[in-house]
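Read through the structure below, which is laid out as structure tokens, and then see the notes.
Just so you know, residue 1 is the first one in the sequence shown, and it goes up from there.
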Amino acid sequence: MTPTRSSPRWTGVRSAVRRWRAAPVFLAVVLLLAGDGWSTSGSAGRQAPQSARAYLAAALDVMEARSVRRNQVDWPRLRRTAFARAEGARTASDTYAVITEALAELGDHHSTFLTGTEAAISRQRTEDTFTGLTGRRLPGAVGYLALPAVGGADETLDRYVRQGRAAVGEAEREGGACGWMLDLRQNTGGNVWPMFAVAAPLLGEGKVGAFVTADGAATPWSVENRRPRLNGEESPWGPADPLGTPDPPVAVLTDGGTASAAEALLIAFKGRPDTRTFGTSTYGVPTGNDGFPLSDGAVINLTTELDADRTGRTYDGAIPPDEEVPASRADIGTDRDEVVKAAARWLAGQGTCRRP
């Protein structure tokens with residue numbers, strides 16, 4: 001089956017200041033209940049009430065079975081600590097704080113817990129706007145493309161891809177760009193699928209990365225005919241137009257606001273020839289999450305995979321640039337932007353952009 005635009009594997013995560021990752025329609029449901037007496041009867045599919053202890057046990061079972069860090073956690077100790085903290089709990093909601101603390105102790109810095117109310121709000125949220133998607137031609141025949149965060153309904157993602165590809169076309173006017181700046185600064189994530197669909201011609205053909213589980217199982221990302229694929233399955237959009245300059249040099253710009261899905265796109269450029277990154281380190285959550293509903297409608301948004309680049313290297317923290325260039329957020333888009341200036345200097349020395 002072709003992955004949908006809101007496939008959870010291609011949806012970025014934001015915990016705390018970032019948006020919830022998993023698309024609600026495609027939440028992975030894993031019930032490792034081992035005799036806890038859960039029932040799926042009822043018109044809404046809601047499980048029968050559980051004791052607080054059984055509820056907490058089910059949450060810990062999901063973490064132990066699916067966490068990307070499951071082979072690095074002392075599970076007997078974590079369980080003892082969690083049940084001790086939950087002593088006296090009578091209802092599922094009495095264990096929410098304990099589950100949140102247990103997720104924090106996994107150390108992935110990306111897993112989160114949503115109450116039933118919070119999960120319902122996330123399902124209703126469409127976030128049908130995005131700002132800052134721009135493309136233009138810079139001096140020296142350099143193309144500039146800024147990709148912001150995006151999420152929401154299919155119509156929004158379609159519009160993002162149309163506008164993004166049109167922005168590439170605008171920068172390609174007058175004979176094509178000799179090289180490119182891809183600006184991912186302040187891109188906090190969302191759904192990476194449309195970002196890949198826009199950036200596919202810059203990435204080049206073939207394998208560009210993968211999701212990797214704790215057991216080493218990989219789900220590859222690739223580009224074929226300027227169209228991204230996830231595990232061989234095509235994106236919902238057709239191929240992008242070819243670039244005027246095949247395989248151009250690319251400078252990728254990042255900062256502390258580059259997070260999650262944007263970090264995945266950055267990682268897809270790692271190992272690409274004629275590519276260099278500029279700016280400051282990313283936020284530090286280059287990982288994949290899945291949502292696991294509990295019996296009362298609450299959801300564990302659990303980090304289950306690491307992002308890997310085309311060479312197979314995995315990432316699990318902030319990604320530093322090749323060239324550190326501190327810059328104020330207020331300078332982005334102005335003539336004071338030192339990151340753009342540094343990237344322009346590098347591009348000017350690359351083959352297709354070098355002037356006699």
Compute whether any side-chain donor of one residue and acceptor of the other, for [X] and [Y], lie under 3.5 angstrom apart.
X    : Y    : answer
N191 : Y160 : no
D309 : T311 : yes
D322 : T277 : yes
E263 : T282 : yes
N187 : T258 : no
T280 : D255 : no
S67  : R70  : no

Let me confirm one number: the [atom1]-[atom2] distance from [X] to [Y], rounded to the nearest 0.5 Å.
X    : Y    : atom1 : atom2 : answer
I267 : R313 : CD1   : CZ    : 9.0 Å
L182 : M195 : CG    : CE    : 10.5 Å
R272 : L202 : CZ    : CG    : 7.0 Å
E324 : S281 : CD    : OG    : 5.5 Å
L145 : L147 : CG    : CG    : 4.0 Å
N289 : S260 : CG    : OG    : 7.0 Å

Pick from T91, D296, T95: which one makes a side-chain hydrogen bond (donor to acceptor under 3.5 Å, both in side chains) with Y55?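 Among the candidates, only D296 passes.
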Single-linkage hydrophobic cluster, 4.5 Å side-chain cutoff, [X] and [Y] together:
X    : Y    : answer
V161 : L184 : yes
V198 : W221 : yes
V68  : F292 : no
F269 : M181 : no
L306 : L265 : no

Taking salt bridge (charged side-chain N to carboxylate O under 4.0 Å, His left out) as the test, write out the residues that go with [X], two or more places apart.
X    : result
R336 : D331
D337 : R185
R137 : none

State whether [X] and [Y] are salt-bridged, where the test is any N-O pair (Lys NZ or Arg NE/NH1/NH2 against Asp/Glu carboxylate O) under 4.0 Å.
X    : Y    : value
R79  : D61  : yes
D241 : R226 : no
R229 : E234 : yes
R85  : E105 : yes
R227 : E224 : no

Looking at [Y], is its backbone amide N or carbonyl O close enough to the side chain of [X] to form a donor-acceptor pair, meaning the two atoms are under 3.5 Å apart?
X    : Y    : answer
E205 : N225 : yes
Q350 : W346 : yes
E118 : T115 : yes
T219 : A210 : no
T245 : A177 : yes

Parallel, tilted or perpendicular: which fits the ring planes of W237 and W193, with parallel below 30° and perpendicular above 60°?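 Rings of W237 and W193: tilted, 30 to 60°.
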Side chains of [X] and [Y]: closer than 4.5 Å at any heavy-atom pair?
X    : Y    : result
L103 : L302 : yes
F278 : V340 : no
R310 : L203 : yes
L78  : L60  : yes
N231 : P220 : yes
K207 : V223 : no
P148 : T131 : no
R136 : L138 : yes

Quick check: closest heavy atoms across [X] and [Y], and the distance to 0.1 Å?
X    : Y    : result
C178 : P248 : O-CB, 3.8 Å
P320 : A318 : CD-O, 3.5 Å
V192 : A261 : CG2-O, 3.2 Å
A82  : V98  : O-CG1, 3.4 Å
V299 : G291 : CG1-CA, 4.0 Å

Are F196 and V208 close enough, and set up right, to give a side-chain contact (heavy atoms from CB on, under 4.5 Å), and what steps lead you there? CA-CA 10 Å; F196 266 74; V208 297; 4.0 Å; yes
Under the criterion side-chain contact (heavy atoms from CB on, under 4.5 Å), I'd like the reasoning laid out for V212 against E305: C-alpha separation, chi angles, the key distance, then a yes or no. CA-CA 5 Å; V212 180; E305 298 161 314; 6.0 Å; no
Restricting to ring pair (Phe, Tyr, Trp, His ring centres under 6.0 Å), what partner residues turn up for Y96, sequence neighbours left out?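 If we apply the ring pair (Phe, Tyr, Trp, His ring centres under 6.0 Å) test to Y96, skipping adjacent residues, the hits are F113.
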Apply side-chain contact (heavy atoms from CB on, under 4.5 Å) to residues T156 and D158 and explain how you reach the verdict. CA-CA 5 Å; T156 302; D158 290 340; over 6 Å; no
Strictly under 6.0 Å, is that where the ring centroids of W180 and Y144 end up?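 Judged by ring-centre distance (under 6.0 Å), W180 and Y144 do not meet the cut-off.
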Residues two or more places apart in sequence or in another chain: which of them pass side chain to side chain donor-acceptor pair (under 3.5 Å) with D247?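 None.
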With a 6.0 Å cut-off (strictly less than), is the heavy-atom count around CZ of R355, excluding the residue itself, greater than 12?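 Buried by this count: over 12 neighbours within 6.0 Å.
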Heavy-atom count check: over 12 atoms from other residues, nucleotides or ligands less than 6.0 Å from R53 CZ?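 It does not: R53 CZ has 12 such atoms or fewer within range.
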Sequence neighbours excluded and cut-off under 3.5 Å, please list the side-chain donor-acceptor pairs for residues 163-171, or say none.
from, atom 1, to, atom 2, distance (Å)
R165, NE, A197, O, 3.3
R165, NH1, G238, O, 3.0
R165, NH2, A197, O, 3.2
R165, NH2, G238, O, 2.8
E170, OE1, R173, NH1, 3.3
E170, OE2, R173, NH1, 2.9

Evaluate the side-chain contact (heavy atoms from CB on, under 4.5 Å) criterion for residues S111 and N301: first the C-alpha distance (whole Å), next the side-chain angles of each, then the deciding distance (0.1 Å), finally the verdict. CA-CA 5 Å; S111 295; N301 189 32; over 6 Å; no
